[in-house]
Amino acid sequence: MPELPEVETLRRSLQGIQKRSVLGVYLSKLAPVEATTASALRQVVLDATIIQLNRWGKYLLIDLDNEQSLVVHLGMSGKLLWQQDEIPVRPLHTHMELNFDDGSVLRFIDARRFGTLSLTNRQRDNNPFLARLGPDYLNGALDEKIFLKRCHRHPKVNLKTLLLNQKVATGLGNIYACEALYQAGLDPCRLVSATNDQQLVELLIASKDRLKVGVKYGGTSFRDYLNGLGHRGKMKDFLQVYDREGQLTLDGRGTVQRIVQQQRSTFYCPEVQK
DNA sequence: GCGATCCTGGCC
DNA sequence: GGCCAGGATCGC
(Lines give C-alpha, C1' and ligand atoms only; values in the text may rest on other atoms or scores of the structure.)
Protein backbone atom coordinates (compact mmCIF):
# COMPACT_ATOMS: atom_id res chain seq x y z
CA MET A 1 0.00 0.00 0.00
CA PRO A 2 2.32 2.71 1.09
CA GLU A 3 4.78 4.31 -1.27
CA LEU A 4 7.46 6.87 -0.50
CA PRO A 5 5.09 9.74 0.38
CA GLU A 6 3.06 7.59 2.75
CA VAL A 7 6.15 6.27 4.52
CA GLU A 8 7.67 9.76 4.71
CA THR A 9 4.41 11.06 6.18
CA LEU A 10 4.46 8.18 8.64
CA ARG A 11 8.05 9.01 9.60
CA ARG A 12 7.19 12.63 10.27
CA SER A 13 4.09 11.74 12.23
CA LEU A 14 6.12 9.55 14.58
CA GLN A 15 8.66 12.17 15.65
CA GLY A 16 7.19 11.99 19.13
CA ILE A 17 8.63 8.53 19.78
CA GLN A 18 12.16 9.91 19.71
CA LYS A 19 13.91 9.66 23.09
CA ARG A 20 11.34 7.12 24.26
CA SER A 21 12.65 3.89 25.76
CA VAL A 22 11.10 0.52 25.01
CA LEU A 23 9.90 -1.15 28.19
CA GLY A 24 7.93 -3.93 26.54
CA VAL A 25 7.87 -5.80 23.24
CA TYR A 26 5.01 -7.98 22.03
CA LEU A 27 5.34 -10.06 18.89
CA SER A 28 2.44 -12.14 17.63
CA LYS A 29 2.89 -15.76 16.71
CA LEU A 30 2.58 -14.82 13.01
CA ALA A 31 4.68 -11.65 13.20
CA PRO A 32 6.41 -11.22 9.81
CA VAL A 33 9.94 -11.08 11.19
CA GLU A 34 12.45 -11.66 8.40
CA ALA A 35 16.20 -12.27 8.18
CA THR A 36 16.38 -12.69 11.93
CA THR A 37 14.38 -14.41 14.64
CA ALA A 38 11.60 -12.99 16.72
CA SER A 39 13.58 -13.53 19.90
CA ALA A 40 16.67 -11.81 18.48
CA LEU A 41 14.55 -8.88 17.35
CA ARG A 42 12.91 -8.65 20.74
CA GLN A 43 16.27 -8.73 22.46
CA VAL A 44 17.61 -5.87 20.33
CA VAL A 45 14.58 -3.65 20.77
CA LEU A 46 13.79 -4.28 24.43
CA ASP A 47 15.29 -1.64 26.74
CA ALA A 48 16.61 0.34 23.77
CA THR A 49 15.92 4.04 23.32
CA ILE A 50 14.69 5.48 20.01
CA ILE A 51 17.23 7.93 18.62
CA GLN A 52 15.61 9.02 15.37
CA LEU A 53 13.56 7.88 12.39
CA ASN A 54 14.86 7.50 8.87
CA ARG A 55 13.44 6.32 5.58
CA TRP A 56 14.89 4.61 2.54
CA GLY A 57 12.38 4.13 -0.26
CA LYS A 58 9.36 2.51 1.34
CA TYR A 59 11.26 1.28 4.39
CA LEU A 60 11.06 3.03 7.75
CA LEU A 61 14.17 2.76 9.89
CA ILE A 62 13.79 3.25 13.61
CA ASP A 63 17.30 3.95 14.89
CA LEU A 64 18.07 2.68 18.37
CA ASP A 65 20.79 3.68 20.83
CA ASN A 66 22.48 0.29 20.46
CA GLU A 67 23.85 0.72 16.92
CA GLN A 68 20.93 -1.19 15.45
CA SER A 69 17.76 -0.12 13.67
CA LEU A 70 14.35 -1.72 13.48
CA VAL A 71 13.38 -1.83 9.80
CA VAL A 72 9.65 -1.69 9.10
CA HIS A 73 8.12 -2.35 5.70
CA LEU A 74 4.35 -1.96 5.47
CA GLY A 75 3.71 -4.12 2.42
CA MET A 76 0.19 -3.61 1.08
CA SER A 77 -1.88 -3.33 4.21
CA GLY A 78 0.51 -2.55 7.06
CA LYS A 79 0.00 0.28 9.53
CA LEU A 80 2.07 1.70 12.34
CA LEU A 81 -0.06 3.48 14.89
CA TRP A 82 1.30 5.43 17.82
CA GLN A 83 -1.31 5.49 20.52
CA GLN A 84 -0.68 7.82 23.40
CA ASP A 85 -3.96 7.08 25.09
CA GLU A 86 -3.59 3.37 25.13
CA ILE A 87 -6.47 1.44 23.67
CA PRO A 88 -7.04 -1.53 25.98
CA VAL A 89 -8.11 -3.93 23.26
CA ARG A 90 -5.30 -5.02 20.98
CA PRO A 91 -6.62 -4.65 17.43
CA LEU A 92 -6.95 -7.73 15.24
CA HIS A 93 -3.78 -8.43 13.22
CA THR A 94 -1.50 -6.56 15.61
CA HIS A 95 1.84 -8.27 15.04
CA MET A 96 4.14 -6.05 17.07
CA GLU A 97 3.64 -3.75 19.96
CA LEU A 98 6.28 -1.56 21.57
CA ASN A 99 5.45 -0.17 24.99
CA PHE A 100 7.29 3.05 25.78
CA ASP A 101 8.36 4.58 29.07
CA ASP A 102 5.69 7.28 28.88
CA GLY A 103 2.85 4.78 28.62
CA SER A 104 2.37 5.20 24.87
CA VAL A 105 2.28 2.26 22.47
CA LEU A 106 3.47 1.78 18.91
CA ARG A 107 1.53 -0.93 17.11
CA PHE A 108 2.31 -2.67 13.84
CA ILE A 109 -0.95 -3.91 12.35
CA ASP A 110 -0.98 -5.86 9.10
CA ALA A 111 -3.83 -8.14 8.03
CA ARG A 112 -2.17 -9.52 4.91
CA ARG A 113 1.31 -9.87 6.39
CA PHE A 114 3.01 -8.68 3.22
CA GLY A 115 4.92 -6.27 5.42
CA THR A 116 8.16 -7.21 7.16
CA LEU A 117 10.02 -6.47 10.36
CA SER A 118 13.79 -6.81 10.29
CA LEU A 119 16.98 -5.35 11.72
CA THR A 120 19.95 -3.53 10.31
CA ASN A 121 23.28 -2.32 11.65
CA ARG A 122 24.34 1.33 11.71
CA GLN A 123 26.08 1.05 8.33
CA ARG A 124 22.87 -0.39 6.85
CA ASP A 125 24.87 -3.08 5.06
CA ASN A 126 23.59 -6.27 6.65
CA ASN A 127 19.89 -6.16 5.77
CA PRO A 128 18.84 -8.15 2.69
CA PHE A 129 15.89 -5.87 1.88
CA LEU A 130 17.89 -2.65 1.99
CA ALA A 131 20.63 -4.32 -0.04
CA ARG A 132 18.23 -4.68 -2.94
CA LEU A 133 17.29 -0.99 -3.13
CA GLY A 134 18.51 1.55 -5.63
CA PRO A 135 18.88 5.25 -4.78
CA ASP A 136 15.93 7.02 -3.15
CA TYR A 137 14.08 9.50 -5.37
CA LEU A 138 14.05 12.30 -2.81
CA ASN A 139 17.19 12.09 -0.73
CA GLY A 140 19.40 13.95 -3.20
CA ALA A 141 21.40 10.94 -4.37
CA LEU A 142 19.60 10.46 -7.68
CA ASP A 143 20.67 12.79 -10.47
CA GLU A 144 19.94 12.54 -14.20
CA LYS A 145 23.16 10.81 -15.08
CA ILE A 146 22.74 8.09 -12.48
CA PHE A 147 19.09 7.57 -13.38
CA LEU A 148 19.82 7.22 -17.09
CA LYS A 149 22.60 4.75 -16.44
CA ARG A 150 20.32 2.62 -14.28
CA CYS A 151 17.44 2.80 -16.80
CA HIS A 152 19.66 1.62 -19.62
CA ARG A 153 20.32 -1.61 -17.74
CA HIS A 154 16.73 -2.59 -18.60
CA PRO A 155 16.19 -1.78 -22.27
CA LYS A 156 13.55 -4.46 -22.81
CA VAL A 157 11.12 -3.56 -20.05
CA ASN A 158 8.24 -1.13 -20.35
CA LEU A 159 8.27 2.17 -18.48
CA LYS A 160 5.73 1.14 -15.85
CA THR A 161 7.74 -1.94 -14.97
CA LEU A 162 10.88 0.15 -14.89
CA LEU A 163 9.38 2.55 -12.36
CA LEU A 164 8.14 -0.23 -10.11
CA ASN A 165 11.59 -1.83 -10.01
CA GLN A 166 13.00 -0.68 -6.67
CA LYS A 167 16.50 -1.67 -7.75
CA VAL A 168 16.52 1.03 -10.43
CA ALA A 169 15.47 3.70 -7.95
CA THR A 170 13.25 3.36 -4.91
CA GLY A 171 10.07 4.99 -3.68
CA LEU A 172 7.53 4.75 -6.49
CA GLY A 173 4.64 2.32 -6.24
CA ASN A 174 1.55 1.77 -8.33
CA ILE A 175 -0.16 5.11 -7.70
CA TYR A 176 2.78 7.44 -8.12
CA ALA A 177 4.22 5.47 -11.05
CA CYS A 178 0.93 5.99 -12.94
CA GLU A 179 0.87 9.67 -11.99
CA ALA A 180 4.51 10.24 -12.99
CA LEU A 181 3.95 8.63 -16.40
CA TYR A 182 0.93 10.86 -16.95
CA GLN A 183 2.83 13.98 -16.00
CA ALA A 184 5.71 13.04 -18.28
CA GLY A 185 3.26 12.31 -21.13
CA LEU A 186 4.70 8.84 -21.66
CA ASP A 187 2.82 5.65 -22.51
CA PRO A 188 3.33 3.05 -19.72
CA CYS A 189 3.72 0.31 -22.36
CA ARG A 190 6.59 2.03 -24.15
CA LEU A 191 9.89 0.19 -23.87
CA VAL A 192 12.93 1.82 -22.30
CA SER A 193 14.80 1.15 -25.54
CA ALA A 194 12.17 3.19 -27.41
CA THR A 195 12.51 6.14 -25.04
CA ASN A 196 15.18 8.77 -25.52
CA ASP A 197 17.28 10.29 -22.75
CA GLN A 198 15.38 13.54 -22.74
CA GLN A 199 12.13 11.65 -22.18
CA LEU A 200 13.67 9.55 -19.42
CA VAL A 201 14.86 12.72 -17.72
CA GLU A 202 11.31 14.08 -17.98
CA LEU A 203 10.16 10.89 -16.30
CA LEU A 204 12.67 11.38 -13.49
CA ILE A 205 11.59 14.98 -12.99
CA ALA A 206 7.89 13.99 -13.01
CA SER A 207 8.55 11.14 -10.56
CA LYS A 208 10.31 13.39 -8.08
CA ASP A 209 7.64 16.04 -8.47
CA ARG A 210 4.69 13.69 -7.89
CA LEU A 211 6.40 12.14 -4.87
CA LYS A 212 7.08 15.59 -3.40
CA VAL A 213 3.48 16.64 -3.90
CA GLY A 214 2.40 13.37 -2.30
CA VAL A 215 4.49 14.21 0.75
CA LYS A 216 3.08 17.74 0.79
CA TYR A 217 -0.45 16.39 1.06
CA GLY A 218 0.38 13.69 3.58
CA GLY A 219 0.13 10.73 1.20
CA THR A 220 -2.81 9.03 -0.49
CA SER A 221 -5.54 7.27 1.52
CA PHE A 222 -7.79 4.96 -0.47
CA ARG A 223 -8.61 2.26 2.03
CA ASP A 224 -6.01 1.33 4.61
CA TYR A 225 -3.47 4.06 4.74
CA LEU A 226 -3.22 6.13 7.90
CA ASN A 227 -0.21 7.97 9.26
CA GLY A 228 1.20 7.17 12.69
CA LEU A 229 -1.39 9.34 14.39
CA GLY A 230 -4.29 7.69 12.57
CA HIS A 231 -4.91 10.51 10.08
CA ARG A 232 -5.68 10.12 6.40
CA GLY A 233 -3.66 11.70 3.58
CA LYS A 234 -5.17 14.18 1.13
CA MET A 235 -3.29 13.36 -2.06
CA LYS A 236 -6.20 11.34 -3.47
CA ASP A 237 -7.92 14.58 -4.45
CA PHE A 238 -4.98 15.53 -6.66
CA LEU A 239 -4.47 12.33 -8.64
CA GLN A 240 -4.84 12.74 -12.40
CA VAL A 241 -5.36 9.13 -13.48
CA TYR A 242 -5.14 6.60 -10.66
CA ASP A 243 -8.46 4.87 -9.95
CA ARG A 244 -10.28 6.99 -12.55
CA GLU A 245 -11.05 4.35 -15.18
CA GLY A 246 -13.64 5.64 -17.65
CA GLN A 247 -13.54 9.15 -16.19
CA LEU A 248 -11.78 12.26 -17.39
CA THR A 249 -8.32 12.94 -16.03
CA LEU A 250 -8.47 15.40 -13.15
CA ASP A 251 -7.32 18.19 -15.47
CA GLY A 252 -9.83 17.14 -18.14
CA ARG A 253 -7.33 16.50 -20.90
CA GLY A 254 -8.68 13.04 -21.78
CA THR A 255 -10.31 9.82 -20.66
CA VAL A 256 -8.57 7.35 -18.36
CA GLN A 257 -8.12 3.72 -19.37
CA ARG A 258 -7.18 0.79 -17.16
CA ILE A 259 -4.86 -1.94 -18.37
CA VAL A 260 -2.97 -4.67 -16.53
CA GLN A 261 0.81 -4.85 -16.45
CA GLN A 262 2.72 -7.25 -14.19
CA GLN A 263 -0.59 -8.28 -12.63
CA ARG A 264 -1.09 -4.69 -11.46
CA SER A 265 -3.57 -2.10 -12.69
CA THR A 266 -2.15 0.72 -14.75
CA PHE A 267 -4.29 3.83 -15.22
CA TYR A 268 -3.32 6.09 -18.07
CA CYS A 269 -4.65 8.47 -20.70
CA PRO A 270 -3.84 7.48 -24.30
CA GLU A 271 -4.69 10.96 -25.56
CA VAL A 272 -1.98 12.50 -23.40
CA GLN A 273 0.56 9.69 -23.07
CA LYS A 274 2.50 8.68 -26.17
C1' DG B 1 11.60 -10.82 -18.30
C1' DC B 2 7.07 -13.07 -17.23
C1' DG B 3 3.65 -15.46 -14.34
C1' DA B 4 2.43 -17.42 -10.14
C1' DT B 5 2.31 -16.79 -5.28
C1' DC B 6 2.25 -15.07 -0.52
C1' DC B 7 -2.31 -13.24 2.68
C1' DT B 8 -6.91 -11.04 4.44
C1' DG B 9 -10.80 -8.14 3.72
C1' DG B 10 -14.03 -5.22 1.23
C1' DC B 11 -17.09 -4.59 -2.38
C1' DC B 12 -20.22 -5.82 -6.35
C1' DG C 1 -18.59 -16.32 -5.53
C1' DG C 2 -15.34 -13.57 -7.88
C1' DC C 3 -12.47 -9.75 -8.29
C1' DC C 4 -9.66 -6.29 -6.54
C1' DA C 5 -6.19 -4.03 -3.38
C1' DG C 6 -0.42 1.96 -1.99
C1' DG C 7 4.22 -4.80 -2.54
C1' DA C 8 7.83 -7.86 -3.58
C1' DT C 9 9.95 -12.51 -4.29
C1' DC C 10 10.69 -16.79 -6.56
C1' DG C 11 10.58 -19.96 -9.90
C1' DC C 12 11.05 -20.97 -15.04
Side-chain angles (χ1 to χ4, degrees), chain A residues 1-11 28-35 55-60 71-80 91-95 108-118 127-134 137 151-181 189-193 207 210-211 213-215 217-228 231-246 258-267:
Chain A
M1 111 196 163
E3 310 179 30
L4 186 155
E6 289 72 38
V7 179
E8 177 61 18
T9 301
L10 174 65
R11 189 188 72 80
S28 77
K29 201 154 186 123
L30 291 174
V33 176
E34 298 286 341
R55 181 192 57 73
W56 186 0
K58 306 171 191 177
Y59 289 79
L60 182 73
V71 181
V72 180
H73 185 61
L74 300 176
M76 288 284 253
S77 57
K79 281 189 274 288
L80 268 186
L92 193 62
H93 303 303
T94 299
H95 292 296
F108 175 69
I109 303 162
D110 184 9
R112 296 175 75 180
R113 278 181 288 118
F114 286 0
T116 59
L117 301 169
S118 59
N127 180 293
F129 301 107
L130 301 182
R132 287 191 266 263
L133 301 180
Y137 277 101
C151 288
H152 290 315
R153 291 178 190 169
H154 306 272
K156 299 180 79 170
V157 305
N158 62 54
L159 295 179
K160 172 76 181 313
T161 302
L162 177 83
L163 293 183
L164 290 185
N165 184 344
Q166 305 298 301
K167 184 93 191 170
V168 174
T170 185
L172 288 173
N174 212 27
I175 295 178
Y176 296 92
C178 291
E179 296 295 313
L181 285 160
C189 298
R190 183 200 276 256
L191 296 185
V192 173
S193 59
S207 297
R210 290 299 88 193
L211 291 169
V213 172
V215 172
Y217 288 109
T220 305
S221 294
F222 270 102
R223 316 164 180 81
D224 300 327
Y225 178 74
L226 300 173
N227 72 19
H231 301 141
R232 295 170 61 83
K234 298 183 173 65
M235 183 63 184
K236 183 174 182 290
D237 296 337
F238 301 90
L239 301 177
Q240 294 288 345
V241 290
Y242 190 84
D243 204 32
R244 297 179 70 93
E245 182 181 14
R258 174 182 176 272
I259 58 172
V260 176
Q261 296 175 292
Q262 310 280 113
Q263 289 87 239
R264 314 285 306 275
S265 290
T266 296
F267 297 91

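Basis for what follows: all heavy atoms, side chains included, without hydrogens, waters or symmetry-related copies.
Going from atom CG of N174(A) over to atom P of dA8(C) covers 11 Å, rounded to whole Å. Residue Q166(A) contributes atom CD, which lies 8 Å from atom P of dG7(C) at whole-angstrom precision. Per the geometry, OH belonging to Y59(A) stands 10 Å off C1' belonging to dT9(C), to the nearest Å. Remark: P of dG7(C) and CG of N165(A) are 13 Å apart, rounded to the nearest angstrom.
Between the side chain of R113(A) and the base of dC7(B) there is no donor-acceptor pair of N/O atoms closer than 3.5 Å.
You'll find the ring centres of F222(A) and Y242(A) inside the 6.0 Å limit.
The side chain of K58(A) has dG7(C) as its nearest neighbour among dG7(C), dG9(B), dA5(C). Proximity note for R132(A) (side chain, C-beta onward) versus dA5(C), dG9(B), dT9(C): the nearest is dT9(C). Closest approach to the M76(A) side chain among dA5(C), dT9(C), dC7(B) is made by dA5(C) (side chain taken as heavy atoms from C-beta onward).
Using a 3.5 Å distance cut-off with no hydrogens or angles, the side chains of S118(A) and N127(A) do pair a donor with an acceptor. Using modelled atom types and a 3.5 Å distance limit, the side chains of Q261(A) and T266(A) yield a donor-acceptor pair.
Each of H93(A) and T161(A) lies near DNA chain B, and the nucleotide nearest T161(A) is the one positioned closer to the 5' end. If L30(A) and H154(A) are placed on DNA chain B by their nearest nucleotide, the residue sitting closer to the 5' end is H154(A).
The side-chain heavy atoms of F108(A) and L74(A), taken from C-beta on, include a pair separated by under 4.5 Å. Taking the side chain as every heavy atom from C-beta outward, H231(A) and L226(A) never approach each other to under 4.5 Å.
Pairing of dC7(B), defined by two Watson-Crick or G-U wobble distances under 3.5 Å, is not identified with any nucleotide.
dC7(B) and dG11(C) have their P atoms separated by 15 Å, with the value rounded to a whole Å.
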Output, in order, the C-alpha distance, side-chain angles, deciding distance and verdict of salt bridge (Lys or Arg N to Asp or Glu O under 4.0 Å) for E179(A) and R210(A). CA-CA 7 Å; E179(A) 296 295 313; R210(A) 290 299 88 193; 5.4 Å; no
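Side-chain N/O atoms of H73(A) include one lying less than 4.0 angstrom from OP1 or OP2 on dA8(C).
In this structure, the side chain of N227(A) does not engage the main chain of T9(A) through any donor-acceptor pair within 3.5 Å.
Residues of residues 260-267 of chain A having a heavy atom closer than 4.0 Å to DNA chain B, listed by number: Q262(A), Q263(A).
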